[in-house]
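The structure appears below as structure tokens.
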Amino acid sequence: MSPPKDLPKNYHFAEVEPRWQGVWRDEDYYFDKKSPLPQFVIDTPPPYPTGTFHIGNAFNWCYIDFIARYKRMQGYNVMFPQGWDCHGLPTEVKVEEIHGITKNDVPREKFREMCRELTLANIGKMRLTLRKLGFSVDWSNEYITMLPEYYKKTQFSFLKMLASGYIYQSEHPVNFCTRCETAIAFAEVAYEPRETHLNYFDFDGVEIATTRPELLAACVAVAVHTEDERYRGISGRHLTVPIFGHQVPVISDEAVDPAFGSGAVMICTFGDKQDVFWWKQHHLDLRKAIDRQGRMTPVAGKYEGQRSGECREAILSDMKELGILKKQEPLEQRVGTCWRCKTPIEIMSERQWFVKIVPDEIMKAAREVKWTPGHMFLRMENWIGQMEWDWCISRQRIFATPIPVWFCKECGTMILPDEKDLPLDPTTKKPDHPCEKCGCAEVIGEEDVLDTWMDSSISVLNVTGWNGTRTPPLFPAQIRPQGHDIIRTWAFYTILRAVALTGKRPWDEILVNGMVLGEDGFKMSKSRGNIITPEEIVEQYGSDAFRQWAAAGAATGSDIMFIWNDVIAASRFQTKLWNVARFILLQLGKKEFNHEAPVTALADCWLLAKLAETVSEVTESMEQYQFDRGLKALREFSWNVLADNYIELVKGRLYSDDPSRDSACRVLWETIDALCRMIAPYAPHFSEEIYSHLKRGSVHTTCWPEPLPCDQEARDTGDLLIRLVSEIRRFKHEQGLALNAPLGKVTLFTPQISEDGGDMARALNATIEWRADTSALEKRPGEIVFNMAVIGPALRKDAKAFMDAVRALPGDLLSNPPAMIDIGGKQVEVPANSFSQQTEYLVGGARVDMITVGDVIVTVQKNP
RNA sequence: GGGCUCGUGGUCUAGCUGGUUAUGACGUCGCCCUUACACGGCGGAGGUCAGGAGUUCGAAUCUCCUCGAGCCCA
């Protein structure tokens, strides 16, 4: 064992953190496929490579790193992979902006190349932030979804699901973003409040209320409620659509709300989801009035080519001219928008690719996963329970995984590639065999690409080594940590895909973290100007302080506000603990001590008991992912127990040559060692720095402290000792004495403590006498203290009467209570430990000050 | 409109499988530079645990209602 080295006076995170980041080796965090240790695979969320790792990501990664470091210390073979979910529109838009082009100006492959280039540069920047924050990422398990080795798997999984019938092609109404010019899934629709108008107009004699007059050209029916008296007998008739002149049927349906608008509604293909429902149910025509770019089609006649907004105004003004527009009312509405660009979505019928959703099997797998916090499961349950449409996975974009299929130019038969030819882009590569049906060699490659969620929803299959079989080697993963904002997307799709491809749940448990709010309590956003970056926090207070904010700022699962004060508090805690460590090392270094010395002094036994309690508390917290509880227990122990009480109490002994000094030294050594280990997951640099002065080797390769049995008697007696010392200190303070001033003679009357190794005498600078008997004092019975935790459950309703009866007992019976007691004519048993009588003492004659601490009497005879 | 979460000293927060005095941080006030630490120590003030009703011997904790906030979804 190397001798302890002294610590510098101050802790400089700005010097220490980068230094350790330079010393630590990536290999130490690699997952070892050959290891005999139990595996702990974390299915980490692959962030979108925007170039900045924002505070929400960083918060999530703190949780992951706490878990990874803790599990390694607990003897697991941990995999903390780092993925990058690259594909998608934001990068396409950025590339167009940077190069001053639109995506159609260059060949598809050229455009993809530009996107890849930007993405790799962004990933490079984000890797640096991950390192600065001290995350123990397993870089040997990094994956980048846009690179061939990954999207090969995406394409392979597509073909597998196509073969098993999970994926199909169909013409079906889908959500469509006319700005992104692509279909999107329901999970990508965000609802936003919006002020609009409800327009009432005359529709061939029937008054119709609509918010979307521009869809008049797409009107295929008029609907009224089945039992609406106003429209009795109208059902089955045909009406002529104003302006456009085509005939549409009137239908009746339960789903029409008679109280909304005029009670008559026009059904258009498609204004909203309800229109789709009616369209299907009543087998209505399809009239497509808006195209993929959001412009009116030839169906709209003279309005063709107008944007839908222009068309709305034009139609309204034409209606006014015709005198059929009756009135307009303002209306608060929630419109579906594209979650990426906020453009209101259109619903249009398109030939698209879909993944079949089987709610029951997804639900079954979701139930097998352990959810933390438990209530987050309800969100998944609600989402699964209301699935109506299948998942639309085709997108009309460029920077994404190509759908690897061709169609025969002659007969239209689908032609699939061989697994060994993946990855491929069917628009540039040809199949190696002609059409099986007609022998034609001419093919058309599928131009649609896959939804980005098709890439990321196999993250777990990727890290567990999936190769197409139903049981990947490391599958299922042990945990999925993620935010609650992507339960209906990433978590949902991952479960769906795991079930479809392996038949099993993807992970044993899922840990859902909250969102990060700004200091003003609102979600961080550019417009609010309340964004704080991890970099600026690390710059000012270091990454360990940031990590402690993440741990202690909120209970696991709830949203967390970013508060500078919490970061400052964390950095103060580091200063405090630094000084504690410095003091300990200073004392231990002064003189050799026996590491095996028997621990006998009361204070020493007490500290070990408190430490044992802390180890259990922190271990339990880590097991349950209650990082706030764990860190708070560590702070409480370090500051309150160790620094404020124990050290103050044993200082005298440490300064002395007394043989009992060894006992204190040993206890301090064991305590600081255990503390370093427990703080290591939270503040890896800080604990490593202290640990490096204690022993050789990294704290991060040590074991988690073993839970020790807690000597409860030592703990309770020690608690009393501490309380006595602090009460007498307070007394000194009140008497206007300096805390190190001589106090005189203190006598403590208690049978609980007979000696304390002289700690109290030195701490108070007084002569201490412990006396078990109280014969020198005049006694008189005092207050009766009831133990409600015993009385309540035992006596229920009779509790109050019981207490009254006990109070009425004569004095001599109180000290020696009877087995039975009479309450209101009823005999009841007196429960053990149900009450105790305090004793009050009086001191006659001698001039002494008296302090009462619990049932201990303390007399102080000050120096004359 | 439905679902979920929440409302605790000035601010943020723990506790919420019911049990004596409601946790901690920041702030605030007073005292102390006592040889680890003034980025510290000691002490104080500050709470109708959103409001109301109920269950119970006992409610911050369980139930119901009202008000308010946030999130998810129609």
Side-chain angles (χ1 to χ4, degrees), chain A residues 6-7 9-11 186-187 189-191 257 272-274 334 336 373-383 385-388 483-488 512 514-515 517 519-523 541 545 548-549 552-555 557-587 626 628-629 631-633 635-636 639-640 642-644 647-648 651 654-655 668 726 729-734 736-741 763 765 785-804 835:
Chain A
D6 287 353
L7 261 47
K9 182 148 172 44
N10 292 110
Y11 178 70
F186 259 109
V189 177
Y191 293 84
D257 178 5
D272 58 24
K273 222 167 122 187
Q274 183 62 46
R334 290 180 78 85
H375 68 82
M376 289 296 179
F377 172 70
L378 294 171
R379 293 208 185 180
M380 175 63 79
E381 205 175 24
N382 290 340
W383 178 243
Q386 49 114 68
M387 298 302 315
E388 289 177 49
H484 61 64
D485 54 331
I486 49 176
I487 289 176
R488 65 183 173 138
V512 181
M515 300 290 106
L517 309 175
E519 253 188 317
D520 54 5
F522 290 101
K523 208 169 172 173
Y541 294 98
Q548 288 184 61
W549 157 77
S558 39
D559 290 349
I560 178 171
M561 249 196 254
F562 177 76
I563 301 176
W564 281 107
N565 273 337
D566 282 0
V567 181
I568 294 166
S571 109
R572 283 197 190 160
F573 169 63
Q574 285 176 189
T575 305
K576 183 70 185 181
L577 193 51
W578 180 257
N579 282 300
V580 168
R582 202 157 70 91
F583 175 78
I584 292 175
L585 288 172
L586 195 74
Q587 298 309 322
Q626 294 180 309
D628 60 325
R629 185 156 78 100
L631 183 55
K632 280 170 186 169
R635 285 188 188 172
E636 156 78 18
W639 210 309
N640 243 310
L642 179 59
D644 290 350
I647 287 181
E648 290 306 322
K651 258 181 183 170
L654 288 168
Y655 297 153
L668 281 173
S726 78
R729 273 222 204 119
R730 188 214 297 257
F731 169 81
K732 267 181 113 166
H733 183 259
E734 279 166 3
L737 292 166
L739 290 178
N740 60 347
N765 196 4
V785 179
F786 293 97
N787 186 354
M788 293 313 296
V790 171
I791 296 171
L795 295 155
R796 303 269 155 202
K797 276 191 175 57
D798 296 332
K800 280 209 166 91
F802 171 78
M803 291 192 286
D804 288 340
F835 66 92

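Proteins get letters first, then strands, A, B, ... in listed order; numbering begins at 1 in each.
Comparing atom distances between the A/Arg582 side chain and each of B/rA36, B/rU5, B/rC39 picks out B/rA36 as nearest. For A/Asp628, the listed nucleotide lying nearest its side chain is B/rA14; candidates were B/rC57, B/rA14, B/rA36. Closest to the A/Arg572 side chain, of the nucleotides B/rG19, B/rG40, B/rA36, is B/rG40. Closest to the side chain of A/His484, from the set B/rC71, B/rG40, B/rC57, is B/rC71. The listed nucleotides are B/rC39, B/rC57, B/rG41; the one nearest the side chain of A/Ala799 is B/rC57. Taking the side chain of A/Arg796 as heavy atoms from C-beta on, and the options B/rG27, B/rC4, B/rG58, the nearest nucleotide is B/rG58. When the nucleotides B/rG41, B/rU5, B/rA25 are ranked by their closest atom to the side chain of A/His375, B/rU5 comes out on top. Across B/rG70, B/rA36, B/rG3, the shortest atom-to-atom separation from the side chain of A/Asn382 is found for B/rG3. The listed nucleotides are B/rC4, B/rG41, B/rA74; the one nearest the side chain of A/Leu378 is B/rC4. For A/Glu648, the listed nucleotide lying nearest its side chain is B/rA36; candidates were B/rC71, B/rG19, B/rA36.
With sequence neighbours left out, A/Asn10 forms a side-chain hydrogen bond (donor to acceptor under 3.5 Å, both in side chains) with no residue at all. In this view, A/Asp644 and A/Lys576, A/Trp639, A/Asn640 satisfy the side-chain contact (heavy atoms from CB on, under 4.5 Å) rule, not counting sequence neighbours.
For the P atoms, the distance linking B/rG46 with B/rU56 amounts to 35 Å, nearest Å. Atom name P, nucleotides B/rC62 and B/rA14: the rounded distance is 15 Å, in whole Å. Nucleotides B/rC12 and B/rA74 have their P atoms positioned 32 Å apart, rounded to a whole Å. Going from the C1' atom of B/rG44 to that of B/rG27 covers 15 Å, rounded to whole Å. Here, B/rU17 and B/rU63 have their P atoms 10 Å apart, quoted to the whole Å. When the P atom is used for both B/rU35 and B/rG41, the distance is 15 Å, rounded to whole Å. For the C1' atoms, the distance from B/rA59 to B/rU20 is 14 Å, rounded to whole Å. Distance noted for atom P between B/rG1 and B/rG47: 38 Å (whole Å).
For B/rA14, the base has no donor-acceptor partner in the side chain of A/Glu636 [N/O atoms by modelled type, under 3.5 angstrom]. Judged by distance alone, with hydrogens and angles left aside, A/Lys576 brings a side-chain donor or acceptor within reach of the base of B/rC37, the pair sitting under 3.5 Å.
Using a 4.5 Å heavy-atom cutoff, the side chains of A/Lys651 and A/Gln587 are not in contact. A heavy-atom distance below 4.5 Å is found between the side chains of A/Ile568 and A/Tyr541. Between A/His375 and A/His484 there is no side-chain heavy-atom pair separated by less than 4.5 Å. At least one side-chain heavy atom of A/Trp549 sits less than 4.5 Å from a side-chain heavy atom of A/Ile560.
Contacts of A/Ile647 with the nucleic acid, taken as non-hydrogen atoms under 4.0 Å apart, include base atoms. When heavy atoms are screened at a 4.0 angstrom cut-off, A/Asn579 is found touching base atoms of the nucleic acid. Contacts of A/Phe802 with the nucleic acid, taken as non-hydrogen atoms under 4.0 Å apart, are absent. In this structure, A/Trp639 reaches the sugar-phosphate backbone alone: every heavy-atom distance under 4.0 Å involves primed, P, OP1 or OP2 atoms, never a base. Residue A/Asp644 is in sugar-phosphate contact alone, with no base atom involved, counting any heavy-atom pair closer than 4.0 Å across all strands shown. Among the heavy atoms of the strands lying under 4.0 Å from A/Ala555 are primed sugar atoms or P, OP1, OP2 only; no base atom is included.
Residue A/Lys797 places at least one side-chain N or O closer than 4.0 Å to OP1 or OP2 of B/rC57.
Residue A/Ile563 is the one, among A/Gln386 and A/Ile563, whose nearest nucleotide of RNA chain B lies closer to the 5' end (criterion: closest heavy atom). Toward the 5′ end of RNA chain B lies the nearest nucleotide of A/Met561, the other residue of the pair A/Met561 and A/Asp485 mapping further downstream.
Classified by interplanar angle (parallel below 30°, tilted 30° to 60°, perpendicular above 60°), the ring pair A/Phe802/A/Phe786 is perpendicular. Ring geometry for A/Phe583 against A/Tyr655 counts as perpendicular: the plane angle is over 60°, on a 0 to 90° scale with 30° as the lower cut.
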Practice prompt. Represent RNA chain B in dot-bracket notation, 5' to 3'. Only Watson-Crick or G-U wobble pairs with both distances under 3.5 Å count; pseudoknot-style crossings use [ ] and interstrand partners use |.
Written response: (((((((..(((......[....))).(((((.......))))).....(((((..]....)))))))))))).
